[in-house]
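Okay, structure first, notes after.
Each chain gets a letter, A, B and so on, in the order its sequence line appears, and its residues count up from 1.
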There are 2 protein chains.
Amino acid sequence: MNTPQAHLVDDDDAIRDALAWLLKSRGLPTATYASAEDFLASWTPDTCGCLLLDMRMEGMSGLDCFDALLARGAALPVIFLTGHGDVPLAVATLKRGAFDFFEKPFNDNELATRVGEAMVHDAHRRAVHASADSINLRIQSLSPRERQIMDGILAGKYNKVIADELNISMRTVEVHRANLFEKMQVKTAVELANLLKSPQA
Amino acid sequence: MNTPQAHLVDDDDAIRDALAWLLKSRGLPTATYASAEDFLASWTPDTCGCLLLDMRMEGMSGLDCFDALLARGAALPVIFLTGHGDVPLAVATLKRGAFDFFEKPFNDNELATRVGEAMVHDAHRRAVHASADSINLRIQSLSPRERQIMDGILAGKYNKVIADELNISMRTVEVHRANLFEKMQVKTAVELANLLKSPQA
DNA sequence: GTGCCGGATGTGGAAAACCACAATATCCAA
DNA sequence: TTGGATATTGTGGTTTTCCACATCCGGCAC
């Protein structure tokens, strides 16, 4: 897991340096990139924190960079910076999942605050994701038969009913049930149901 | 429950009539209001569908109307219409939960499409809400003791353990358990867990 | 004050879950 | 070919759930 950082992408050296200084002075770890291409080249699925993206840049635009990230399945919160007010663009970008959209000139305090919120948001997202991953991993370790029995259990059926439906003996259901409880690291059907509910789908 | 409608609020008679005609011609039931005050006066918690709100109006502004609705706990999807591009306003409004934000002149097809989507969204929201209400109603019918026993059950504890923790006999726990299953309309602990998970919190 | 409700408890039994020990069969990879 | 994972079944026994029948107590409303 990479260290959470504010990833700042702007092709204007002066602005980039000023913004980086602002963020660092607020205690926000910051990495800078002179182009969207540079950022994408260094990006990995572990990249986390948040992304500050200038909309208009030489080469790849901020929007193109956002598209590229979405295509790669990134979930990094993105804060856009733009110089020229464009309501439809701002609205469309937010609806596509951008975390925020700042028009220059912006208030330094507001931006720094939002960057901090974005990083908290991302930390929370990663925590939830890690929990979901752990559960999905356990589910994938189940054999097909065990998954069938689990479905029956989650439907609140008696072992006897499950056995009838699958045309196997009750004893076999009991064995699969014990095995899948072991794999899912639960002791009761209720714990299993709780596990499969909370975080993801 | 009121009939789902597009509630159109605009103080410009010509625009309001034109928009209402547009929406009705697309098969979207539409009600019109000449002011935010008129709409708020007719609003009830049952008002549903979606709200089309002109930002700049005589008297109460669209934003004020939005605030008033939020204060009343309304969950109606709101689509804002504005004549003067203002990125910070659009961004702030969307972040506060507006469904969409259109800048004039807008494309009729896009607007009508979004109105349709907003109404679908609201119908879905109401369906989920109704289900959650039904469950909350059942929970509220439980006695305090029954709720305690339910907590224990949802934690996957044996009746024996619950009894020890509450310093009562196992038999009493069994009785409460049966009673609360009756009230919650479930037959097994797993069904109870499933019920309390899906929709709300 | 009588009745209803919530709460608590007991006996006793049927049904289901839970578990240890034991065995067989298939498929697939080392 | 041997071993591991998956799937299947049985015996026998303990624990827990689930339920019918019955009793007792305190608060509260009519």
Heavy-atom neighbours of Lys187(B) NZ exceed 12 at 6.0 Å | no
More than 12 non-hydrogen atoms from neighbouring residues, nucleotides or ligands closer than 6.0 Å to CZ on Arg56(B), yes or no?
-> no
Is any side-chain N or O of Arg145(B) under 3.5 Å from a base N or O of dG6(C), one able to act as donor and the other as acceptor?
-> no
Is a donor-acceptor contact shorter than 3.5 angstrom present between the side chain of Arg171(A) and the base of dT11(D)?
-> yes
Would Glu146(A) and Arg177(A) pass as an ion pair if we require N to O under 4.0 Å?
-> no
Arg126(A)/Asp122(A) salt bridge by N-O under 4.0 Å criterion | yes
In terms of side-chain heavy atoms of [X], which of [options] is nearest?
X	options	answer
Pro144(B)	dA16(C), dG7(C), dT6(D)	dG7(C)
Val175(A)	dT9(C), dC18(D), dT9(D)	dT9(D)
Ser143(A)	dG6(C), dT6(D), dT9(D)	dT6(D)
His176(B)	dT9(D), dA7(D), dA8(C)	dA8(C)
Tyr158(A)	dT16(D), dT8(D), dA17(C)	dA17(C)
Met170(B)	dA16(C), dA20(C), dT17(D)	dT17(D)

Do the side-chain N or O atoms of Asn159(B) get closer than 4.0 angstrom to the phosphate oxygens (OP1, OP2) of dT16(D)?
-> no
Is the shortest side-chain N/O distance from Thr172(B) to OP1 or OP2 of dA8(C) below 4.0 Å?
-> no
How many Å lie between [atom1] on [X] and [atom2] on [N], as a whole number?
X	N	atom1	atom2	result
Ile153(B)	dC18(D)	CD1	C1'	12 Å
Glu174(A)	dT8(D)	CD	P	14 Å
Ile168(A)	dT6(D)	CD1	P	15 Å
Glu146(B)	dG7(C)	CD	P	6 Å
Lys187(A)	dC18(C)	NZ	C1'	13 Å
Arg177(A)	dT9(D)	CZ	C1'	18 Å
Leu180(A)	dT6(D)	CG	C1'	14 Å
Glu191(B)	dC18(D)	CD	P	11 Å

Which of Val9(B), Leu19(B), Thr82(B), Asp11(B) passes side-chain contact (heavy atoms from CB on, under 4.5 Å) with Asp54(B)? It is Asp11(B)
